[in-house]
Amino acid sequence: MIDKTVASCREAVASVCDGATIMMAGFGGTGVPGQLAEALREQGAANLTVIHNGGGDDDNGLGGLMLDGRVRKLIASFPNSPRAWAFRDRYLKGEIELELVPQGSLVERIRAGGVGLGGIYTPTGVGTPLAAGKEIREIDGRQYLFEKPLRADFAFIRAHQGDRLGNLRYRFVMRNFNMIMATAAKTVIAEVDQIVPVGTLSPEEIHTPGIYVDRLVQVERLSGKAKRPPEGSA
Amino acid sequence: MIDKTVASCREAVASVCDGATIMMAGFGGTGVPGQLAEALREQGAANLTVIHNGGGDDDNGLGGLMLDGRVRKLIASFPNSPRAWAFRDRYLKGEIELELVPQGSLVERIRAGGVGLGGIYTPTGVGTPLAAGKEIREIDGRQYLFEKPLRADFAFIRAHQGDRLGNLRYRFVMRNFNMIMATAAKTVIAEVDQIVPVGTLSPEEIHTPGIYVDRLVQVERLSGKAKRPPEGSA
Amino acid sequence: MMKLTREGIAYRVACELTEGCYVNLGVGIPCLVPAFLPAGREIFIHNENGTLGVGPPAAPGAEDPDLVSANREFITLVPGASVFDHAASFGMIIGGHLTHVVLGAMEVAANGDLANWHVPGQKVPGVGGAMDLAFGVPNVWIAMTHVNNKGEPKILNACTCPLTAPRCVKRIFSDIAVIDVTPGGLALREVVPGLDPAAVQAQTGAPLSVAQDCREMDVPESFNGVRLIA
Amino acid sequence: MMKLTREGIAYRVACELTEGCYVNLGVGIPCLVPAFLPAGREIFIHNENGTLGVGPPAAPGAEDPDLVSANREFITLVPGASVFDHAASFGMIIGGHLTHVVLGAMEVAANGDLANWHVPGQKVPGVGGAMDLAFGVPNVWIAMTHVNNKGEPKILNACTCPLTAPRCVKRIFSDIAVIDVTPGGLALREVVPGLDPAAVQAQTGAPLSVAQDCREMDVPESFNGVRLIA
């Protein structure tokens, strides 16, 4: 019997090694695999490359990994949220490399990685500083930037429900980066609110088929509500 | 009040003009907008370019348009089903141009059109006759073919339920080409089993948001079951 | 009235959004727009987080932790709303399916160039979805104060800050004017009551042509943010 | 036994699919594989139509018009199955997420080249999803008769028909042998009872090396399709 469930976040992240590239899903504080990130903090792997929309929140999860100096490089679109102060401090000391990518390009690059494409041409960025060093190609009268796919050794994702086969369902905006990152990493690890018996999730409400998921762990939702942050965060 | 519903297939397809490019969704006999295609047959537009996985079935819908000599060019992956005899006859007489595209490339090209990409690199086809005349590029040690996006003047799609805002829900494998074709045409016309009040479809079960749909029409499901066809069809 | 409040700018934008629009709203003044959309006018608000049909903020006690905007506010969904993943959300943006995006700006140039993502000297850069919106959405509207907090024009012959996207802005709603970006340059369409076109030009760093149908802006007095401008 | 029936080939393939495999099955002999998967072994069948977890054909009277395979047969779904659109379906294929695809073939070359989509002289070409599967899936397995209906070898030094994909085939299950495609060429792994490696070589158009652990195929007698081969 296939059983991809594991008992703890600690067990789930045990195989992450130094130098790994890790996608971390979540957006606007929702669908963030924060407990896997905390477990990774305890686990100790360092010299990581992280792919995430932002730069982490405060001193926990990805923020904590930043604080602990475990991240070598960040690939992100919005690492300048006020709450990403741990990243900011490391970055300003020159201790973390940043690859800044428009959010839509980040999305399409991850998706391209997941679906096996060698690259894509996106209009976003042509004529701006973010096009520096990138190939520009005119196609049918419009200019596009060549962007390469992103893939990772691990993806940390978060869903609402999952079954032992790895099938996942999200609630509302939890889908965000979770659905695409689940397709683009060698090993995909999910934290979920609830592990349910196979068959509980109908075929039509499974958002991430189990084929993409290697391990999943049930975690308690941490309490605490989203706060209204300073303007400009996203 | 927004109301994208129209009373008849005839009204739904009235604006299709000669020379239009039309995406027609459906796969394996499911999710096929056959009644819109029949209405188009009555409507009379000719010299059409059709983008569809196959070549049409028998003498109705797209098959009927083939029979009537209304299609100038077909872009398809599997136009050689035994039931696509109307296409075959025209094709062998040199009356229809065929652009043969691997099914996955067809999908990605349509999606690229829908999401605004200028093109993609897919591995499929390198070293085969279908790579003829196409740019090949080596990216990180693997060879890829450059494929351009596909867009259309119209997309004919079929869904299970829809509301006056154009939100659509599919049943099971009806999703097939419908979801992507709905994003890649200037005017998207849907035939649905049932028009339901706004709010009936929950936000989580809408597969095609109304933003993509211009007109929808409720039609009776035609009876008749899928037949087991000769081996080799798909 | 010599100057609109922030709410006044948002009101003026809201007047222009007609039924059936699909709109993304940037942070700042654009976020104030929904409050001024008349009840019953069906307009769908898109959010990068994967929602189309964002409604009013969630009532206290009715917050859902999985219904949060890109700006981390608890939201609701209107009837007919849909949710989807980030690939679909940005596909909608880059694919040109939204009708409008309303953004703030640091600078707008006479040719429609937009700079709103990076202040030179800003230590940590961040772009989020700003570029995708500016490149992808057919109607990029700017809602901003006409001058910056030093009193300097934000509408210029050429942007000095790094561009978000070239030639993307179609219309500017400021606290003193409505200006269209046309192939022939900037066209002044409306002026706030109490000012004349020359006064708007004086606060603008690029030449304005006065549109033939240029008129006084029709905005309730309650949005009066009058003050002396240096 | 000198030759397996079509069912025998499918049985032999089924023996090799272990729990946790995600498999797409081409038309013809591959479609017979599921019938021989032991109950309880969790294997997920993918279909291009957007299903993962295809179960047995629908019982008469229980057909659902919206649950139809690419081959237009009424299907069922197993517990834990999921449905999705064509972008997701082919993303799964091209992205290399399936573990296996079992395809028929017209020709396979010693280097793993596969030809199964176009017979030269065929008047209307069609490719469907064959190329995407052959390029995308890590383990391309071929289930076919060893020779064509003229008795000519289908395993060749080089394909003569247009390629589906170069160097993609990993293993061949024929009615007389199991052959691996290795960097060193074709390796004979199993021979059907009643034949010896030399007899397999005689029906093969490319050199076979006999694997060190080459053994007699373990297939029930009921799959005996013995006949004289010219």
Side-chain angles (χ1 to χ4, degrees), chain A residues 1-5 23 107-120 149-152 155 159 161-170 175 178-188 195-216, chain D residues 17-24 37-47 49-55 58 64 66-68 75-101 129 131-139 165 168:
Chain A
M1 196 178 80
I2 298 169
D3 188 0
K4 299 182 178 181
T5 64
M23 292 181 175
V107 167
E108 281 296 320
R109 291 178 64 187
I110 295 166
R111 183 189 177 276
V115 305
L117 301 180
I120 55 157
L150 286 171
R151 297 185 181 95
Q161 293 174 310
D163 65 28
R164 66 173 169 80
L165 300 171
N167 291 307
L168 302 179
R169 183 172 90 81
Y170 307 94
R175 298 187 198 182
N178 284 286
M179 282 176 64
I180 47 170
M181 286 186 172
T183 69
K186 284 179 209 145
T187 300
V188 175
I195 290 174
V196 298
V198 169
T200 307
L201 303 176
S202 82
E204 295 192 293
E205 67 184 354
I206 291 170
H207 301 115
T208 294
I211 190 173
Y212 291 114
V213 177
D214 295 281
R215 297 197 273 282
L216 72 165
Chain D
L17 291 169
T18 54
E19 184 152 279
C21 288
Y22 298 94
V23 189
N24 184 291
L37 293 170
R41 188 188 295 170
E42 293 191 315
I43 285 171
F44 289 84
I45 309 292
H46 172 273
N47 192 275
N49 68 357
T51 49
L52 184 66
V54 177
D64 185 315
D66 300 324
L67 265 177
V68 175
I75 58 171
T76 58
L77 297 174
V78 300
S82 49
V83 299
F84 31 83
D85 82 327
H86 248 64
S89 185
F90 278 80
M92 215 173 262
I93 292 171
I94 308 169
H97 302 287
L98 299 177
T99 59
H100 298 77
V101 61
M131 280 192 185
D132 302 292
L133 287 160
F135 275 88
V137 182
N139 292 293
C168 63

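Order of the sequence lines fixes the chain letters, A, B, ..., with proteins taken first and strands second; residue numbering starts at 1 for each chain. These numbers were taken from a predicted model, which means no experiment stands behind them.
- Taking the side chain to side chain contact (heavy atoms under 4.5 Å, CB included) definition, one finds that D:T18 meets it with D:C21, sequence neighbours left out.
- Contact of D:L52 with chain A is made through the side chain alone, with heavy-atom distances under 4.5 Å.
- For the pair A:D163 (side chain) and A:N167 (backbone), a donor-acceptor distance under 3.5 Å is present.
- With a threshold of 4.5 angstrom between heavy atoms, D:A87 approaches chain A through its backbone and through its side chain.
- In terms of heavy-atom pairs under 4.5 angstrom with chain A, the leader among D:P79, D:G96, D:A81 is D:A81.
- With hydrogens and angles ignored, the 3.5 Å screen pairs a side-chain donor or acceptor of D:N49 with a backbone N or O of D:V68.
- Not one N or O on the side chain of A:H207 forms a donor-acceptor pair closer than 3.5 Å with the backbone of A:M179.
- Taking non-hydrogen atoms and a 4.5 Å limit, the residue list of residues 208-215 of chain A in contact with chain D, ordered by number, reads A:P209, A:G210, A:I211, A:Y212.
- There is no contact between A:R151 and chain D, counting heavy-atom distances below 4.5 Å.
- Under the side chain to side chain contact (heavy atoms under 4.5 Å, CB included) criterion, A:E204 pairs with A:S202, B:R169, B:R171, B:F172, B:R175, D:V83, sequence neighbours left out.
- Annotation: side chain of D:F84 is not in contact with side chain of A:I206 (no heavy-atom distance under 4.5 Å).
- Comparing D:G136, D:G95, D:G40 by how many heavy-atom pairs each has under 4.5 Å with chain A, the most go to D:G95.
- Side-chain contact between A:L150 and A:M23 is present, with heavy atoms from C-beta onward closer than 4.5 Å.
- One N or O on the side chain of D:T99 and one on the backbone of D:Y22 form a donor-acceptor pair closer than 3.5 Å.
- Among A:G166, A:G114, A:P197, the residue with the largest count of heavy-atom pairs under 4.5 Å with chain D is A:G114.
- For chain A, no part of D:F135 is nearby; none of its heavy atoms comes within less than 4.5 Å.
- Under the 3.5 Å distance criterion, the side-chain polar atoms of D:E42 are left unmatched by any main-chain donor or acceptor of D:E19.
- Between chain A and the options D:G20, D:S82, D:A88, the largest number of non-hydrogen pairs under 4.5 Å is found for D:S82.
- Between chain D and the residues A:P149, A:P203, A:G116, the most heavy-atom pairs under 4.5 angstrom are made by A:P203.
- Taking D:I93 as the reference, D:H46, D:E48, D:F90, D:L98, D:D132, D:L133, D:V137 meet the side chain to side chain contact (heavy atoms under 4.5 Å, CB included) condition, with sequence neighbours excluded.
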